[in-house]
Amino acid sequence: MPVRIIDRQQEFTTASRAKAGVQPRTLEVFDDFGVIDRMLKAGTQRLPFRRLLLDQVISEVVPYEDKEPRPDAPYRRMLYVRQNDVEQILRDPLGESGCEVERGTTLTGFTQTDASVVAKLEGPAGTEEVEVEYMVGCDGGASFVRKRLGIKFQGATDESQKMYVGDVEVEGLPDDAWYQWYDLQRGLLLLCPLSGSREWQIQASASPGPDGVFPPPSLEALQAAVDRVSGMDIKLSNPTWLSVTKKNVRMADSLRSGRVLIAGDAAHVHPFAGALGANTGVQDAYNLGWKLARVIRDGADQSLLYTFQEERLPIAEWTLRTSLSSADKIAQAVIGGTGGAEKGLTEETNQLGLNYRDSSLSWNRAAGAGEASGVRAGDRAPDSPLPDGTRLFDVFRGPHTTLLGLGADCREAVAHVQSAAVTGLRTLEIAERPETYGYTEDTLVLVRPDGYVGLVAAGDDGAAVLAYLDFLQTPQAPQTGRAAVAAGEEVSTP
């Protein structure tokens with residue numbers, strides 16, 4: 001589809017920002033985009049967490065070091081890579097498809113009707129009005145789009161706890177670990193080398209001045225924090241990015257108003273514990289992209305877009321809850337002297353277990369499909385090696401829907417679906433059911449373009465597949481209420 005992406009920045013950022021701890025599920029998304037090799041090369045999956053008290057090392061661990069690849073999950077370790085490198089790697093195939101990010105272009109206003117959105121833009125060429133079918137605001141926690149739509153951003157902001165963050169060069173430490181000081185008297189200090197760069201990201205407790213006001217971030221303030229917390233001869237220099245963060249836990253009560261939608265930080269913000277922020281934003285867009293394509297390009301009813309909110313608001317709620325839990329685990333470990341940031345990284349935070357089982361797009365139509373022993377509709381579709389040396393992820397790669405016939409008795413049903421000549425559908429028959437799917441009977445599995453299972457049906461039920469594909473064209477809007485994460489609820493914060 002033709003797409004315009006605007007960014008008000010004049011130049012692309014060179015800041016590490018979220019330091020891009022890319023979780024395994026997001027690595028699978030990047031595999032689907034065909035950029036996984038570049039991503040892995042740009043970062044590292046082995047980063048020791050070295051905890052110190054002043055100049056004494058008190059512990060060292062490597063998170064996820066024991067998480068070897070499995071047949072169902074080739075990526076089980078987090079990737080540490082600069083966010084600006086991730087963005088560049090994603091922009092390259094975007095440019096190859098004919099879309100360049102329009103820098104120095106700001107959205108100043110918009111209106112919408114039942115048929116279109118008219119956006120007002122200020123850019124290098126002046127003022128412009130552009131009419132589009134849909135608009136998506138991915139414009140951060142202070143989202144202009146969200147505010148203009150009047151969508152509530154429920155939760156809380158704690159102005160009393162602030163941290164300095166920045167990219168600097170460091171002398172006095174070998175760049176072989178992420179150095180972490182959690183000192184209950186002197187404060188917090190984290191120094192992380194950035195892969196492929198001379199720079200380090202620093203995070204340090206900010207201290208208010210005598211007047212109670214936090215001074216702006218500066219090299220001097222960061223150096224003072226290093227001297228106070230580490231007591232070591234560590235020198236900072238050449239800051240290329242400095243900022244300040246505060247505890248902000250908020251979630252939008254809606255992700256859509258008419259033909260305008262929001263995603264990423266515009267829809268949810270939370271503590272960085274657990275490394276979920278950018279990952280959840282990527283997965284928001286991954287969920288929304290194929291649905292917009294079906295509506296705009298393939299003529300599906302726009303009610304399909306209701307399922308973006310139906311599926312992603314519960315994930316946003318989970319993200320806030322999990323990041324707060326991760327922060328609590330880290331705090332408890334620090335107070336108890338049993339660990340640090342690694343306590344916030346769990347099997348849950350790798351996001352491989354997230355699912356859409358309660359979605360109106362998840363159909364279990366096979367006997368026993370609701371049992372826990374096998375993959376269910378709404379689950380992430382597992383990988384598996386194939387007899388020809390390829391993998392299921394190779395088959396899924398791309399924007400198509402995939403029908404798997406798992407077992408020899410699926411052949412007739414697959415042929416029945418093929419005879420319908422459905423656009424954008426790829427089929428694959430596997431004579432022996434993959435162990436990674438856990439089925440005891442021959443089964444049809446329909447995998448959505450975003451790698452989640454939409455339908456599980458009996459091996460001879462090709463009609464169920466065609467009914468599901470037809471439903472994607474004209475879905476019914478899901479009921480409000482819990483599907484929208486009880487829109488009136490506020491997110492509680494400790």
Side-chain angles (χ1 to χ4, degrees), residues 1-5 25-26 28-29 32-33 90 94 97 99 112 114-117 132-138 145-146 149 151 252 254-264 266-268 279-316 354-363 377-381 396-403 422-426 446-455 465 467-480 483-485:
M1 311 179 299
V3 175
R4 289 185 67 174
I5 300 178
R25 178 56 190 155
T26 307
E28 293 182 350
V29 176
D32 191 34
F33 292 168
L90 292 175
L94 184 70
S97 70
C99 179
Q112 62 172 313
D114 290 340
S116 67
V117 180
V132 295
E133 291 188 67
Y134 291 91
M135 184 173 77
V136 185
C138 305
V145 174
R146 186 192 66 242
L149 291 172
I151 294 175
S254 175
L255 302 184
R256 180 187 179 203
S257 178
R259 288 177 170 265
V260 183
L261 304 100
I262 58 173
H268 40 75
N279 294 276
T280 304
V282 167
Q283 293 170 45
D284 282 351
Y286 193 48
N287 181 288
L288 178 58
W290 73 271
K291 296 173 181 178
L292 281 170
R294 279 191 173 265
V295 171
I296 296 173
R297 183 194 61 206
D298 299 335
D301 190 88
Q302 65 171 311
S303 59
L304 179 63
L305 301 180
Y306 282 108
T307 66
F308 171 60
Q309 173 166 306
E310 180 192 18
E311 294 180 342
R312 293 307 296 177
L313 265 183
I315 299 299
L354 294 179
N355 66 74
Y356 304 133
R357 288 183 177 181
D358 294 330
S359 168
S360 58
L361 296 185
S362 299
W363 291 17
D379 290 350
R380 159 193 163 273
F396 298 156
R397 190 174 298 116
H400 55 271
T401 302
T402 306
L403 173 61
V422 177
T423 302
L425 177 68
R426 179 178 296 180
L446 195 68
V447 180
R448 305 173 356 171
D450 60 356
Y452 283 87
V453 175
L455 168 72
V465 177
Y468 182 87
L469 293 170
D470 183 64
F471 178 80
L472 287 182
Q473 290 298 107
T474 56
Q476 300 299 309
Q479 297 297 311
T480 57
V485 196

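Counting begins at 1 with the first residue of the sequence.
Rounded to the nearest 0.5 Å, atoms OG1 (Thr307) and OH (Tyr356) are 9.5 Å apart.
Side-chain atoms of Arg259 come within 3.5 Å of backbone atoms of Asp114 as a donor-acceptor pair (strictly under, hydrogens ignored). Proximity of a side-chain donor or acceptor of Ser303 to a complementary backbone N or O of Pro475 within less than 3.5 Å is detected. Looking only at distances, no side-chain donor or acceptor of Gln309 sits under 3.5 Å from a matching main-chain atom of Ser254. Without hydrogens or angle criteria, Asp298 side chain to Ala300 main chain gives no donor-acceptor distance under 3.5 Å. Checking side-chain atoms of Asp284 against main-chain N and O of Gly264 turns up a donor-acceptor pair under 3.5 Å. Of the possible donor and acceptor atoms, none in the side chain of Gln302 sits under 3.5 Å from a partner among the backbone N and O of Gly258. Glu133 contributes no side-chain N or O that, together with a main-chain N or O of Ile296, makes up a donor-acceptor pair within less than 3.5 Å. Without hydrogens or angle criteria, Asp32 side chain to Gly398 main chain gives a donor-acceptor distance under 3.5 Å.
Taking every heavy atom of both residues into account, Met1 and Leu292 meet most closely at SD-O, 3.8 Å. Closest approach of Gly454 and Ala377 over heavy atoms only: O-CB, 3.7 Å. The two residues Arg25 and Glu28 come nearest to each other via the heavy atoms NH1-OE1, 2.5 Å. Residues Leu472 and Trp290 come closest through the heavy atom pair CD2-CH2, 4.3 Å. Closest approach of Tyr452 to Gly378, counting heavy atoms only: CD2-O, 3.5 Å. Nearest heavy-atom pair, Val465 versus Leu403, reported as atom, atom and distance to 0.1 Å: CG2-CD1, 3.9 Å.
With sequence neighbours left out, the ring pair (Phe, Tyr, Trp, His ring centres under 6.0 Å) criterion links Tyr134 to no other residue.
Taking 4.5 Å as the limit, every side-chain heavy atom of Leu354 sits out of range of all side-chain heavy atoms of Arg380.
Phe33 and Tyr286 have perpendicular rings, their planes meeting at more than 60° on a 0 to 90° scale where under 30° would count as parallel.
Checked by atom type, the side-chain pair Arg294/Thr401 shows a donor-acceptor distance below 3.5 Å.
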